[in-house]
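See structure below.
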Number of protein chains: 2
Amino acid sequence: MRHKNPWVCRRMVKEGLRITQTRMVIIDILTRNPEKHFSAEEIFLMAHRINPGIGFATVYRTLDLLAQMGIIQKMEFGDGKARYEMTEAMENVPHHHHLVCTECGKVIDYTEFTDEEKELLAKVEKELSEKYKFKIKNHIIQFCGICNNCGKRG
Amino acid sequence: MRHKNPWVCRRMVKEGLRITQTRMVIIDILTRNPEKHFSAEEIFLMAHRINPGIGFATVYRTLDLLAQMGIIQKMEFGDGKARYEMTEAMENVPHHHHLVCTECGKVIDYTEFTDEEKELLAKVEKELSEKYKFKIKNHIIQFCGICNNCGKRG
DNA sequence: TCCTTATTGATAATAATTATCATTTTCATT
DNA sequence: AATGAAAATGATAATTATTATCAATAAGGA
């Protein structure tokens, strides 16, 4: 166990959840890598290196829990395994979206954002929330296509 | 077999692919339901009703093929099974995005804000294409949150 | 009609995720 | 610090979506 994210801990206590070693290890891994999108297996391997007792099922359970709490975001890029990353609601997490290559599966993050883009997103979210009585927590934006490498070969 | 989508057929011939009954049935199903997002199983069941000889593996193969050709779009809403729908590039397919309830899995389509959104999206796509030398074919936009029903109960 | 080859369907195999359950931890209370 | 109820865990089996295999079939040019 390394570092406790006080914000997350407070939320867990408030919801009657227990602060366990396994959970802290997983949250620490995700907190330290806000710009990465890890698969459950990758997280398991990293957690296992820190605390070899941790089991695979618990990793899945913890990831589900954190996603349910809105702390992490589950995303799928089409290769059959889900990825997880910190929500933008968390501190130090840059707003970013993904370019997904449908050929090789490569995922590029981009963080450039015009103010115009941000404004429109906020506006759309607000209007959708009202119209559909839908409490929007976050969004997923992916641009799918062919990356530079695959484009050369193809 | 019902109806042949001439545009799709032309593309298939051009790429040396064969116009088979199974493929036509599946394309027909998708073409007739441009606003739906079917799972592979749902498509299999519908195809099976039209032509009981069709096998599950072929449904998957055909969906992969069509996705590769950019005719349909594979998306995942987080419930473990992929969904497929016509690309906006196809005729009669309205520009739309999704609201996904992380509680019950319900998916709402919305079509509002199209003009402004489309414009900005086109601009962003152009800029990203150039910057990352990435040939963008389509995009996935999902707003995740809690739907009206789940909000009441929760 | 014939012939080559892409495509198919049935089935088995794979791989990610989830359910089960006895055991261990957490943490409020003493 | 010790206690005890309940939540959480780890090992494992079970489930489920998807993919690979392969002999049989059908598409389409000759």
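Labels below follow one simple rule: chain letters A, B, ... track the order of the sequence lines, proteins then strands, and each chain is numbered from 1. Since the model is a prediction, treat every value here as computed from it, not as a measurement.
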Can you label the angle between the A:His48 ring and the A:Phe44 ring as parallel, tilted or perpendicular, going by 30° and 60°? tilted
If I take atom CG in residue A:Leu65 and atom C1' in nucleotide C:dT26, what distance separates them, rounded to the nearest angstrom? 15 Å
Rounded to whole Å, the CG-C1' distance (A:Leu63 to D:dT9) equals 15 Å
Provide, to the nearest angstrom, the distance between the CZ atom belonging to A:Arg18 and the C1' atom belonging to D:dG4. 11 Å
Before you tell me yes or no, could you show the steps for B:Gln142 and A:His139 under side chain to side chain donor-acceptor pair (under 3.5 Å), namely the whole-Å CA-CA distance, both residues' side-chain angles and the distance that decides it to 0.1 Å? CA-CA 5 Å; B:Gln142 294 174 19; A:His139 56 250; over 6 Å; no
Distance in angstrom units between A:Ile26 CD1 and D:dG10 P, rounded: 8 Å
Taking side-chain contact (heavy atoms from CB on, under 4.5 Å) as the criterion, tell me which of B:Ile141, B:Leu121, B:Asn138, B:Ile140 meets it with A:Phe143. B:Leu121
Run the side chain to side chain donor-acceptor pair (under 3.5 Å) test on B:His37 and B:Gln73 for me, step by step, so that the C-alpha distance in whole Å, both residues' side-chain angles and the decisive distance to 0.1 Å come before the verdict. CA-CA 9 Å; B:His37 23 257; B:Gln73 165 75 39; over 6 Å; no
Annotated protein contacts, base or backbone, on nucleotides 8-16 of chain C with a non-hydrogen cut-off under 4.0 Å, one of B, S, - each: BBB-----S
Of B:Asp64 and B:Ile19, whose nearest nucleotide on DNA chain D comes first from the 5' end? B:Asp64
From NZ of A:Lys14 over to C1' of C:dA28, roughly how many Å is that when rounded to an integer? 20 Å
For B:Lys4, the option from B:Ile19, B:Ile27, B:Thr31 that meets side-chain contact (heavy atoms from CB on, under 4.5 Å): B:Ile19
Let me know the distance between CZ of A:Phe44 and P of D:dA11, rounded to the nearest Å. 8 Å
So, B:Asp109 and B:His97: side-chain donor and acceptor under 3.5 Å apart, yes or no? no
Gap between atoms CD and C1', on A:Glu15 and D:dA7 respectively (whole Å): 15 Å
Between B:Tyr84 and B:Val13, whichever has its closest DNA chain D nucleotide further toward 5' is B:Tyr84
To the nearest angstrom, how far is B:Lys4 atom NZ from D:dG28 atom C1'? 11 Å
